[in-house]
Amino acid sequence: QEQLVESGGGLVQAGGSLRLSCAASGRAFSNYAMGWFRQAPGKEREFVAVISWSGGHTDYSDSVQGRFTISRDKVKNTVYLQMNDLKPEDTAVYYCAAKYGTSWSTPRNGMDYWGKGTLVTVSS
């Protein structure tokens, strides 16, 4: 059974950093783009970042560009989201997702698999 499990969430002060991890199991996600999405209280889920299965292409939302970095370790079947200079508006449940595609694709929607999420809270 395919499974994506997020970890690394928590409480951090504004300006601080966190690194989220997403461990994939149950299949080889090497041919899947991996992405991060988030949902803040009372808001719709939104795209944050995505990395192609080759690892050579990434895409970020405007709100996190320059502060967040997505990466993946294909040997460990894990994707990471390094979050720096966190702001209170980054507070949300962060979800990992995967989508089958080409080596260069960086999809922002239509994901095939989802994790259950990890909560990030940024205090002011």
Is any side-chain heavy atom of [X] closer than 4.5 Å to a side-chain heavy atom of [Y]?
{"X": "Pro107", "Y": "Val50", "answer": "yes"}
{"X": "Cys96", "Y": "Trp114", "answer": "no"}
{"X": "Val93", "Y": "Phe37", "answer": "no"}

Do other residues, nucleotides or ligands put more than 12 heavy atoms under 6.0 Å from Lys76 NZ? no

For a quick test of reading the model, state the closest non-hydrogen atom pair linking [X] to [Y] and the distance between them.
{"X": "Tyr95", "Y": "Arg45", "value": "CD1-CD, 3.8 Å"}
{"X": "Asp90", "Y": "Arg38", "value": "OD1-NH1, 2.9 Å"}
{"X": "Leu4", "Y": "Cys22", "value": "CB-SG, 3.9 Å"}
{"X": "Ser17", "Y": "Gln82", "value": "CB-NE2, 3.9 Å"}

Hey, what do you get for [atom1] ([X]) to [atom2] ([Y]), rounding to the nearest 0.5 Å?
{"X": "Ser52", "Y": "Lys99", "atom1": "OG", "atom2": "NZ", "result": "14.5 Å"}
{"X": "Ser124", "Y": "Lys87", "atom1": "OG", "atom2": "NZ", "result": "14.0 Å"}
{"X": "Arg67", "Y": "Leu86", "atom1": "CZ", "atom2": "CG", "result": "6.5 Å"}

For Glu6, is there an ion pair with Lys116 - N to carboxylate O distance below 4.0 angstrom?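 Salt bridge: no.
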
Are [X] and [Y] in one and the same hydrophobic cluster, where Ile, Leu, Val, Met, Phe, Trp and Tyr link if side-chain heavy atoms are under 4.5 Å apart?
{"X": "Val48", "Y": "Met111", "answer": "no"}
{"X": "Met83", "Y": "Val64", "answer": "yes"}
{"X": "Tyr80", "Y": "Ile51", "answer": "no"}

Could you walk me through whether Val79 and Phe29 pass side chain to side chain contact (heavy atoms under 4.5 Å, CB included), step by step? CA-CA 10 Å; Val79 63; Phe29 281 92; over 6 Å; no

Measure up the Tyr32 and Tyr100 rings against each other and bin them: parallel (under 30°), tilted (30 to 60°), perpendicular (over 60°). perpendicular

Using side-chain contact (heavy atoms from CB on, under 4.5 Å) as the criterion, point out the one residue from Val122, Val120, Val12, Leu11 that pairs with Thr91. Val122

